[in-house]
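This report concerns only the one structure given below.
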Amino acid sequence: MSTVNYELIGDIGVIRLNNPPVNALSHGLREGIWGAIKNAQEDASKALVLLCEGRTFIAGADITEFGKPPQAPGLSEVITEIENSCKPVIAAMHGTALGGGFEVALACHYRCALASAKVGLPEVKLGLLPGAGGTQRTPRLAGVAAALELITKGSPIPAAKAESLKLIDRVIDDDLLKGALAFARELIDRNAPPRRVRDIVIDPASVPEGLFDDFRQRLEKRARGQLAPQHIVTCIEAAVHQPFDEGLTKELNLFIECLLSSQSAALRHLFFAERTATKIQGLPKDTPTREIKSVGIIGGGTMGGGIAMNFANVGIPVKLLEIDQAAIERGLAVIDKNYNITLKKGKLTEAQKTHCLSLIEGTTDYADLAEVDLVIEAVFENIELKQEVFAKLDQFCKPGAILATNTSYQDIDQIAAATNRPEDVIGLHFFSPANVMKLLEVVRGSKSADDVIATAMQLAKIIKKVPVLAGNCFGFIGNRMVRPYGREAQLCLIEGATPEQIDTVMQSWGMAMGPMAVGDLAGLDIGYKVRQGLNEAEKGDPKTYCIADALVEIGRLGQKSGAGYYRYDPKTRARSSDPEVLALIEAQAEAHGIERREISDEEILNRLTFALINEGAKILEDGTAQRPSDIDVVYVYGYGFPPHRGGPMHYADSIGLAKVYESICAFRDQHGEAYWTPAPLLTRLAQEGKTFASWTNDQH
Ligand code: 3HC
Ligand code: NAI
């Protein structure tokens, strides 16, 4: 079948698009639509229906074509052709009508969609704005306030909501073609003319005073440092105050500016990185998977409870095993509290909450896990305890059940060795809060079976996580890299910075939180306990963590004890600086013979990010990560790295590996080799003028 087919059904012309997998608006599709509309002007049709084959209506411009020389007809020309049609054109949508795809629909004269369809303008998530009239037509239909929300957030909305916003005219319950043809028939029968959204005029007096300025200010918090959201506001403002064609020109100019920006390059990199991460080198696409219809979780604490929610949310029943009834109740109470938060935000109904809770059942008896397809262990971070749990799982679980651990640092092979079926054992490392954070590190043990890995990657998608495969080493990808990052934060602190300075630098650069605030949130005792378990060589220079250790030793454990690097208001949890901490830092510096100095913001930023990148290079070379973009996915989805900087490895490429290498050499000369030896891979690539992106692991 060709990309675009045309058929006359009675006096209705049906244009069918077929460009798998998602009907992206590649050159061939644009040409086909343009031609079909043009030809239909001359035939016997009285109305035209535009719909798609396959899993979805057009999901947007073809992102792979960005950055390549444009080929006519461009999307704007196609859209003009549709809008200028002398016969009414009806878009009939199913699946996800997104970006340029929804802009095509907005240029049609009427729109209908299956009830299950979603529509939206997600360009902002790629650092872009809708570049084919979306910012001009959406406010004309839905109003300015709704358009601002929809386009700056970029999240698709269900058909019913789109109908209530007047973005679509009709919701169709079952057969899309039948419904669309019936809609076309009605239009023909009542002689309905082509109805052009461009002709709607927005009365500037209908827009509340100060709306745009207030919205811009809100965006400064919600989308800190990002270009596209601010430009979207400018475009929508133009839709109110300027004629349609001038608005379109403004939109096109700002779209091009976004397209050429480093932010959009980073976000587009992440779009493909996230999808590439699901592909496992050496594992055929058709590797069989195991069916996961029920899950057991061992340990219902901070992580176990959140992990259980992920499964209940998609209808998979969970048995939650704890040490006693009191622990079960504690765990279930936290889960209940978390659901209430979602309920209050309006993202869950009472009935959905009740259903989810009914899927989570507490137990203290391993025999109750006999039939589950997957078990995830989330007990305390202690190897002997984990081995004890796995020996029991081996005894009680059915053959073929996948046995997973959520360990942060322990050796998967050592855990697997406690069973007689190491091929069924794998790491499934969730991030806290596990019901919120999107990352799932899938940690491969030396004996993990291929179908176990394939199942884990597939399962991640079902529970709406982004999976990344990691090798089995201390801290895997994420926690291994965060150690040098945290180390440099500690060293900057003792050498002269304050917690406030470090957090402000990192947050204004785009990190979701600064490292000190993260430490306080997670609990400073966690890192303390890990360090206590290390031998002297592993602990490194005693000055490195002396401040963090001293805080824990005086009972400042972070938010949970009301004080850590900051002081926290017991009621509001608002944080404030604490002179006691500064005094403690100064005392530690003196005790270690360090004369504190002024540290520039740039030094803080470079030491923290380059420490990450250097470890990332080692992780690539030793095969812990499959590819640089996997590391980027880990950092953005698990550690609050700013998406518009694309992740640490993409960021390194964007500023140039030579600069990173030279700075690391300068840090080595200043601070010594123990912490600052440039990774061999970084050295090689920098000297050859290459990028991480150009590297593939069959080269090592
Ligand atoms: N262009 C090119 N390829 C695309 C694409 C696009 N717009 N959207 C998806 N793909 C590719 C993916 O890379 C993937 O390829 P792979 O199989 O080789 O890895 C394949 O299609 C399937 O994608 P998913 O795995 O994401 O499939 P899902 O079913 O999970 O999701 C989707 C489908 C919701 C459509 C999702 O792919 C998506 O969100 N796509 C992007 C939508 C988007 O951002 N559109 C706006 C583009 S920008 C634009 O339109 C500018 C305009 O205003 C001028
Ligand atoms: P937690 O202390 O909050 O919960 C552990 C739970 O396990 C407790 O409820 C305890 O009663 C239960 N438990 C202990 N022994 C048990 C046994 N023998 N049988 C059944 N239940 C038992 O710990 P948390 O934070 O949930 O951590 C769990 C695991 O997840 C650890 O391995 C940790 O390293 C890992 N992890 C923790 C993250 C975090 O941010 N807290 C992030 C990612 C992984």
Side-chain angles (χ1 to χ4, degrees), residues 19-26 55-66 74-76 79 95-104 118 120-135 151 154 156 251-252 255 258-259 264 267-268 271-279 285 297-307 320-324 326-328 330-331 334 363-364 366 376-383 385-386 388-389 392 405-410 415 427-434 437 439 441 461 476 478-479 518 521-523 526 529-530 638:
N19 187 24
V22 296
N23 286 307
L25 284 158
S26 52
R55 66 204 224 209
T56 180
F57 190 77
I58 308 167
D62 185 338
I63 308 170
T64 60
E65 285 185 1
F66 290 159
L75 183 54
S76 300
I79 278 181
T96 41
L98 302 178
F102 190 50
E103 290 175 297
V104 165
K118 286 189 170 176
L121 294 163
E123 285 88 343
V124 70
K125 295 186 180 172
L126 299 171
L128 298 170
L129 50 88
T135 64
I151 310 179
E251 182 193 77
L252 182 63
F255 173 80
C258 288
L259 187 62
S264 177
L267 287 160
R268 282 180 278 133
F271 177 85
F272 290 113
E274 185 184 325
R275 281 153 184 85
T276 309
T278 60
K279 297 174 179 116
K285 239 185 156 182
I297 292 173
I298 319 291
T302 311
M303 294 306 289
I307 296 170
L320 189 62
L321 188 141
E322 260 291 354
I323 39 173
D324 55 29
I328 294 177
R330 257 196 325 271
V334 175
T363 180
T364 53
Y366 274 83
I376 302 173
E377 165 278 311
V379 302
F380 305 130
E381 184 73 353
N382 173 297
I383 186 71
L385 176 61
K386 287 185 191 285
E388 208 178 286
V389 168
K392 285 225 183 82
T405 171
N406 183 50
T407 182
S408 306
Y409 292 100
Q410 305 297 337
I415 295 174
L428 287 182
H429 185 214
F430 290 78
F431 288 72
S432 180
M437 296 298 283
L439 179 66
E441 267 185 320
K461 190 156 187 181
F476 318 127
N479 282 345
V518 169
L521 182 67
I526 293 183
K529 279 188 206 137
V530 174

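Just so you know, ligand 1 is whichever comes first in the structure, and atom 1 is the first atom listed for that ligand.
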Is Pro130 close to ligand 1, meaning an N/O of one under 3.5 Å from an N/O of the other?
no
Leu75 and Val104: side chain to side chain contact (heavy atoms under 4.5 Å, CB included), yes or no, with the steps?
CA-CA 8 Å; Leu75 183 54; Val104 165; 3.9 Å; yes
Tell me the protein heavy atom at minimum distance from atom 32 (C) of ligand 1, and give that distance in Å.
Thr96 OG1, 4.3 Å
For atom 21 (O) of ligand 1, the closest protein heavy atom turns out to be Pro21 CG, 3.4 Å
Quick one: does Lys461 get a heavy atom under 4.0 Å from ligand 1?
yes
Closest non-hydrogen atom pair between Ala378 and Ile307, with its separation:
CB-CD1, 4.5 Å
If we only count N/O pairs under 3.5 Å, is His429 in contact with ligand 2?
no
Got the closest protein heavy atom to atom 7 (N) of ligand 1, with its distance?
Ala61 O, 2.8 Å
Counting heavy atoms only, which of Gly99, Ala59, Gly120 is nearest atom 43 (C) of ligand 1?
Ala59
Geometric cation-pi criterion, Arg275 with Phe271: 6.0 Å, 45°
yes
Please state which part of Val22 comes within less than 4.0 Å of ligand 1, counting heavy atoms only: side chain, backbone, both or neither.
side chain
Examine ligand 1 and decide if any of its atoms is less than 4.0 Å from a heavy atom belonging to Gly134.
no
Heavy atom of Ala522, distance to ligand 2 below 4.0 Å
no
Nearest non-hydrogen protein atom, atom 39 (O) of ligand 1
Leu98 CD1, 3.9 Å
Near Phe272 (heavy-atom distance under 4.0 Å), the atoms of ligand 1 are 13 (O)
Please work out whether any backbone atom (N, CA, C, O) or any side-chain heavy atom from C-beta onward of Leu121 is under 4.0 Å from ligand 1, and answer side chain, backbone, both or neither.
neither
Protein non-hydrogen atom below 4.0 angstrom of atom 15 (O) of ligand 1 present
no
Suppose I only count heavy atoms of Leu385 and a 4.0 Å limit; which atoms of ligand 2 are within that range?
15 (N), 18 (N)
Atom 43 (C) of ligand 2: nearest protein contact (heavy atom, Å)
Phe430 O, 3.2 Å
Heavy atom of Glu377, distance to ligand 2 below 4.0 Å
no
What protein heavy atom sits nearest atom 40 (O) of ligand 2, and how far off is it?
Ser432 CB, 3.2 Å
Below 3.5 Å, N or O to N or O, backbone or side chain included: is there any such pair between Glu322 and ligand 2?
yes
Determine yes or no for a side-chain-to-main-chain donor-acceptor pair under 3.5 angstrom, with Ser76 supplying the side chain and Ala132 the backbone.
no
protein heavy-atom neighbour closest to atom 37 (O) of ligand 1 works out as Arg275 NH2, 3.9 Å
Looking only at distances, please establish whether an N/O atom of ligand 2 is found under 3.5 Å from an N/O atom of Met303.
yes
Tell me the closest heavy-atom pair linking Glu123 and Leu129, and the distance in Å.
CB-C, 3.7 Å
I would like to know whether Arg268 and Leu259 meet side chain to side chain contact (heavy atoms under 4.5 Å, CB included); could you show each step before the answer?
CA-CA 10 Å; Arg268 282 180 278 133; Leu259 187 62; 4.0 Å; yes
Kindly determine whether Tyr366 and Val389 satisfy side chain to side chain contact (heavy atoms under 4.5 Å, CB included), including the steps that lead there.
CA-CA 10 Å; Tyr366 274 83; Val389 168; 3.6 Å; yes
For atom 32 (O) of ligand 2, the protein heavy atom that lies nearest, with its residue and separation:
Glu381 OE1, 2.5 Å
Quick check: does any side chain N or O of Glu322 sit under 3.5 Å from a backbone N or O of Gly300, one acting as donor and the other as acceptor?
yes
Please check if a non-hydrogen protein atom sits closer than 4.0 Å to atom 2 (C) of ligand 1.
yes
Minimum-distance protein heavy atom relative to atom 25 (O) of ligand 2
Thr302 CB, 3.6 Å
Taking all non-hydrogen atoms of both residues into account, name the closest pair between Glu251 and Thr135 and its distance.
OE2-OG1, 2.5 Å
When you measure from atom 51 (C) of ligand 1 to each heavy atom in Lys285, Glu123, Glu251, which option holds the nearest one?
Glu123
Tell me: protein heavy atom nearest atom 44 (O) of ligand 1, and distance?
Leu126 CD1, 3.5 Å
Is it the case that ligand 1 has an N or O less than 3.5 angstrom from some N or O of Thr64?
no
Proximity flag Phe380 to ligand 2, non-hydrogen atoms under 4.0 Å
yes
For atom 19 (N) of ligand 2, which of the options Asn406, Val334, Ile323 provides the nearest non-hydrogen atom?
Ile323
Thr56 near ligand 1 by a heavy-atom separation under 4.0 Å
no
Quiz question for you: does at least one protein heavy atom lie closer than 4.0 Å to atom 23 (O) of ligand 2?
no
For ligand 2, is there an atom lying under 4.0 Å from some heavy atom of Lys386?
yes
Nearest non-hydrogen protein atom, atom 29 (C) of ligand 2
Val379 O, 3.2 Å
Nearest protein heavy-atom contact for atom 34 (O) of ligand 2: which residue, which atom, what distance?
Ser408 OG, 2.7 Å
Quick one: are Thr405 and Gln410 in side-chain contact, heavy atoms under 4.5 Å?
no
Taking all atoms of both residues into account, what is the closest heavy-atom pair of Ala61 and Ala24, and its distance?
O-CB, 4.2 Å
For Glu65, salt bridge (Lys or Arg N to Asp or Glu O under 4.0 Å) partners two or more places apart:
Arg30
For atom 29 (O) of ligand 1, what is the closest protein heavy atom, and at what distance to 0.1 Å?
Arg55 NH2, 2.8 Å
Give the residue, atom name and distance (to 0.1 Å) of the protein heavy atom nearest atom 18 (O) of ligand 1.
Lys279 NZ, 3.8 Å
Honestly, for Ile63 the part within reach of ligand 1 (heavy atoms, under 4.0 Å) is both
Any heavy atom of Lys125 closer to ligand 1 than 4.0 angstrom?
no
Nearest-neighbour protein heavy atom for atom 4 (O) of ligand 2, which is reported as residue plus atom name and distance:
Gly301 CA, 3.3 Å
Would you please test Asn406 and His429 for side chain to side chain contact (heavy atoms under 4.5 Å, CB included) and show each step?
CA-CA 5 Å; Asn406 183 50; His429 185 214; 4.0 Å; yes
Below 3.5 Å, N or O to N or O, backbone or side chain included: is there any such pair between Pro122 and ligand 1?
no
Heavy atom under 4.0 Å from ligand 2: found in Phe431's side chain, backbone, both, or neither?
neither
